[in-house]
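Here's the structure we're looking at; comments come further down.
So that the names make sense, note that chain A is the first sequence line, chain B the second, and so on, each numbered from 1.
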Amino acid sequence: MAVALPVSTDPTAAGEERQPRRRMWQRLPTRAKVGAIMLGAFILAAIIGPLLTPYDPSFQNAAPSLSLHPPDAAHLLGTTQSGQDVFSQLLVGIRLTLELALSVGVVATAASVVFGVAAAYLGGVWDEVLSLATNVFLVIPALPLLIILLGYLPQKGQTATVLVLSVLGWPWGARLIRAQTLAIRSRDFVAASRETGERTWRILAFEIVPNEVSLIAASFVNTALYAIGASVALAFIGLADLTSWSLGTMLYWAQSQQALQIGAWWWFVPPGLAVALMGTSLVLLNSGIDELGNPRLRDAGGATAAAWRRLRPTDPTPVLDAAPPPRRWRRGAQPGGEPR
Amino acid sequence: MPFIVRRVIFYIVAAWVALTINFFIPRAMPGNAVESIMAKFPNLQPSAYKALQAMLGVGHPGSLWSQYWAYLANVFHFNFGVDVTNYPATVSTLLGQTIPWTVTLVGTATVIAFAAGTVLGILAGWRHGGWLDRVLPGLMFFQAVPYFFLALILLELLAVRGHLLPLGQGYGGGLVPGWHWDFVGSAIYHSLLPAFTIVIASVAGWMLQMRNVMITTIGEDYMLAAQAKGLPSRRVVFSYAARNALLPQLQGFGLAVGFVVSGAIVMEIVFSYPGIGLLLLNAVTSNDFPLMQAIFLVITFAVLLANLVVDMIIVAIDPRARAREGA
């Protein structure tokens, strides 16, 4: 019985969730939908892409006619200087880069949840030390430090890169999660479960963390975005395993062979465009998550657009939702609904 | 304790952490950096071997503790040792030659991007749902493009094909650096494309952030009061909404400036711009660890300094920051 009370505050555990969840997709802002579809396409390409690669990405075709061949039916994105198929490299590269971004996202976000929740919940000296560490690592620029760390590493493989990127990727999320945890821990349902004698780890794992899901999702997306940007930049200056094909190493080889200068745009543009689109999908997804948490930011689109034209843009209550906010956000258990 | 004093103490702590990390990385990482450097540069003097050992702490002359103090004293005197690639030039000389280029270029471009992004964000937030809001997703694309990729594309379009702007370098060939018009004009001309790249790549981020804060601010009661008084729109937008929305924006600037600087440094490589980014690339390709580490410290200190300046601006424009005592 003592367990029943706190569990019912968990928004994802309620039985009535089934129906609202199906409408979840419709509730998503357009931007988030576009972002999710784009990201889904990349994930699909990463999963089935390597099965579809027409050629071995490293295979060097010695035929002189296949050096720097422009795109045609046999080579959809042309070939490199040494006759490698760019399309095959791109498919493999998308997988490697996405894999890296998601791994860093998981590892670094897990670390930021642990540090953020621990700082806020334990309080006192723990909070002082962890907050200081978070803020310090937030202001120290990551890329130059990453360059030194990777520079010293003898092997710059995928695992090493994931670890190094994760070590510097957690503070941003930790700071937000700490603030959110501070807000939640003073709420009644946490106090109630503490009164019923719940253990600390149980309160943290089943009361506090489930209420931070949207924040954790946002910080995962942001960390993945950082990982893509940083890993591509690092590979571009040569700090990566240059024998493997990621979007970053593709750009490195294209640049070091002067692809653009000799007019081989099909060698250089696709990996860069893939990085940019992958990043765009994450930025869109993130701003969509923002809008979900803060309805004021939502697009003035659809049915409300007509009403908007008549309202002065300075209307002081720009809460755009004509429909009542979804139940989930109104319930007391969801403190993340409004940031204020 | 006043706000600004607490911030200064925080930045000193951050600088100390960066120094300490920088001290321990070469000692904690696998492999013998000194040997690999000596093997790479056979013409180095035996005295350089000792200096490298002291700098990287591989040969362990003295206890770790005394090494640490010697290291701090060296950094404090801007003594980063002798550079191995450009022997016998010192690292400090190399830094002194490149820092002004980067600070001028990246500093100016970042301030322009921030100002433009903030103004655009004010407009987009005010006319929420207007055309500026609609082009925002398009701008997000530029936010996600790596700086160096955008730089290469712009270089190809505007310099290689368009012949509008120079191909790279910091100034025209044959010119002697100095404070005369030929050189300064050429330097400005050569910095246009890199600066434009930074602005294009970073403006969307500032804009999105400012827009979001604006929209939240517009919902405040004092905005309603200002409009009810019949104040002109211009005044309501800029003196009431924007002024308040600017504070979170400035705080965001402090945190984001490290990202912008990192992106801009990699971008310098594309333009062969004679700044610290190109120096860093040379250090990486030649395994020049002392130079890499010195560059890390310099960039970190610059970012901390930029943060401090932003804090001072916040104190100047926000009475709450001045009034806040403790906590």
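Only the side chain of F259(B) comes within contact range of chain A, with heavy atoms under 4.5 Å apart. Contact annotation for S281(A): neither backbone nor side-chain heavy atoms come within less than 4.5 Å of a heavy atom of chain B. Using a 4.5 Å cut-off between heavy atoms, L149(A) touches chain B through backbone and side chain atoms alike. Both the backbone and the side chain of L145(A) come within contact range of chain B, with heavy atoms under 4.5 Å apart. With a 4.5 angstrom heavy-atom cutoff, L150(B) does not touch chain A via any of its atoms. Neither the backbone nor the side chain of V34(A) comes within less than 4.5 Å of any heavy atom in chain B. Contacts of V261(B) with chain A are absent, with no heavy-atom separation under 4.5 Å from either backbone or side chain. Proximity to chain A (any heavy atom under 4.5 Å) is shown, for L152(B), by both the backbone and the side chain. With a 4.5 Å cut-off on non-hydrogen atoms, L251(A) touches chain B through its side chain but not through its backbone. With a 4.5 Å cut-off on non-hydrogen atoms, V270(B) touches chain A through its side chain but not through its backbone. Contacts between L150(A) and chain B at a heavy-atom distance below 4.5 Å are absent for every atom of the residue. Using a 4.5 Å cut-off between heavy atoms, F268(A) contacts chain B through both its backbone and its side chain. Looking at L281(B), the atoms closer than 4.5 Å to chain A (heavy atoms on both sides) all sit in the side chain, from C-beta outward.
Expressed to the nearest 0.5 Å, how far CG of L168(A) lies from CG of L163(A) amounts to 11.5 Å.
The shortest non-hydrogen separation linking L247(A) to T97(A) is N-OG1, 3.0 Å. The two residues A15(B) and F301(B) make their nearest non-hydrogen contact at CB-CE2, 3.8 Å. Minimum interatomic distance between S231(A) and L165(A) (heavy atoms only, all atoms of both residues): CB-CD1, 4.0 Å. For the residue pair L285(A) and A32(A), the shortest heavy atom distance occurs at CD1-O, 3.5 Å.
The salt bridge (charged side-chain N to carboxylate O under 4.0 Å, His left out) test applied to R178(A) returns D127(A), not counting sequence neighbours.
Centroid-to-centroid, the aromatic rings of Y226(A) and W172(A) stay 6.0 Å apart or farther.
No salt bridge links K156(A) with D241(A); every basic N to acidic carboxylate O contact stays at or beyond 4.0 Å.
Between F236(A) and F148(B), the angle of the ring planes stays under 30°, which puts this pair in the parallel group of the 30/60° scheme.
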